[in-house]
Amino acid sequence: MVHVMALVFAGAFLLFGGIVLSRANELDGRHETIGELASAGDEPVEPGGEATISGPVSVLEPASPTRTGPDSSGGNSAALWAWRVRQKETAGNGTRWRTDEAELAVGEFAVDHSWDRVRVDETTLTVQEGDDPFDSSGLFLGEPATESYLGDLGPVNRFLERTGLAGEDGIVSDLEFTVNVGGETTMPDKYQATVVRDGDELVVRGELIEASNGYVLRGTDETPLVIAAGSLEEQRERVRSEFRLRRVAGGILVGLGLIVAILGVL
């Protein structure tokens, strides 16, 4: 006898398991790209195809972010300024952090690779306005380098933040320890940013061409522009851990779906 409700639950398990596994595959591709960027050397490059360059940044025209945060000193000498405002909101019976505002401000800059100064065509970077730059397929910035609360923390939340328990990766990050009013939490929003300034190291991949003013690295449909900053090894380890976790979780959900489906037709 077929149990309809069992099959409905089985379908739900299989659907969510498939979504989780699909996201794991995306992380696997991101992990592979980070490995490719990390292995880039300082050999001379030749125009006419895909190239990966790395070296210190030389800012030609600084980025102009629309928001710099309470502890920031403006956009002087910034090649890239990635920022977002994170907001804690109620979700069902718990709370979660979500991105409320975000921006990637890009100036004009070049990268000193080996003996060559390669200008990066920032206009070909495919990041849409309002997208979270820390969750973009063309950017590998790791975790935000700085963070500032846009308000005052209550005593309990201040203690939990200082001990690391209530951060976004903390053990109790999904709990709210103060009173919720009207569906909103009392945890203040926070501004997070990573700024790549003149002289900082950068890794960029794209199509290398030779223009009248020297080498230019740009993005195309076949070779999108990819930019990485910070410790690529730390980013690779973080993505690898998340990929394994999602793969296990997706496998469990799919397995439960199959078991429930079998039981439903017995």
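- E103 pairs by the side-chain contact (heavy atoms from CB on, under 4.5 Å) definition with P65, T66, W83, A105, not counting sequence neighbours.
- When all heavy atoms of A79 and A63 are compared, the pair lying nearest together is O-CB, 3.9 Å.
- Distance check: N213 CG to R117 CZ gives 12.0 Å after rounding to the nearest 0.5 Å.
- F109 has its side chain within reach of L202: a pair of non-hydrogen atoms, C-beta onward, lies under 4.5 Å apart.
- The side chain to side chain contact (heavy atoms under 4.5 Å, CB included) with E50 is formed by just one residue from the set L208, T223, L217; it is T223.
- Annotation: the span from L125 atom CG to I227 atom CD1 amounts to 5.0 Å, rounded to 0.5 Å.
- Two residues are said to be in side-chain contact when any heavy atoms from C-beta on lie closer than 4.5 Å; P133 and L139 meet this criterion.
- Side-chain atoms of S54 do not come within 3.5 Å of backbone N or O of V203 as any donor-acceptor pair.
- Of the possible donor and acceptor atoms, one in the side chain of Y191 sits under 3.5 Å from a partner among the backbone N and O of T68.
- In this structure, the side chains of R197 and W81 come closer than 4.5 Å at one or more pairs of heavy atoms.
- D189 contributes no side-chain N or O that, together with a main-chain N or O of V85, makes up a donor-acceptor pair within less than 3.5 Å.
- A donor-acceptor contact shorter than 3.5 Å links the side chain of T194 to the backbone of A145.
- Judged purely by distance below 3.5 Å, without hydrogens or angles, the side chains of S114 and D116 never pair a donor atom with an acceptor atom.
- Apart from I209 itself, the hydrophobic cluster it occupies contains V216, where clustering links Ile, Leu, Val, Met, Phe, Trp and Tyr at side-chain heavy-atom distances under 4.5 Å.
- Looking at R119 and D121, no side-chain N of the basic residue comes within less than 4.0 Å of a carboxylate O on the acidic one, giving no salt bridge.
- With hydrogens and angles disregarded, a donor-acceptor distance shorter than 3.5 Å links the side chain of T146 to the backbone of A193.
- With values rounded to the nearest 0.5 angstrom, T99 atom OG1 is found 9.5 Å from F134 atom CZ.
- To the nearest 0.5 Å, atom CG of residue L225 and atom CZ of residue R205 are 10.0 Å apart.
- For D132, the salt bridge (Lys or Arg N to Asp or Glu O under 4.0 Å) partners at least two apart in sequence or on another chain are R84.
- D200 and V195 make their closest contact through OD2-O, 3.8 Å (heavy atoms, listed as atom of the first residue, atom of the second, distance).
- Rounded to the nearest 0.5 Å, atoms CG (D100) and NZ (K190) are 13.5 Å apart.
- Put simply, CG on L104 and CG on D131 are 10.0 Å apart, with the number rounded to the nearest 0.5 Å.
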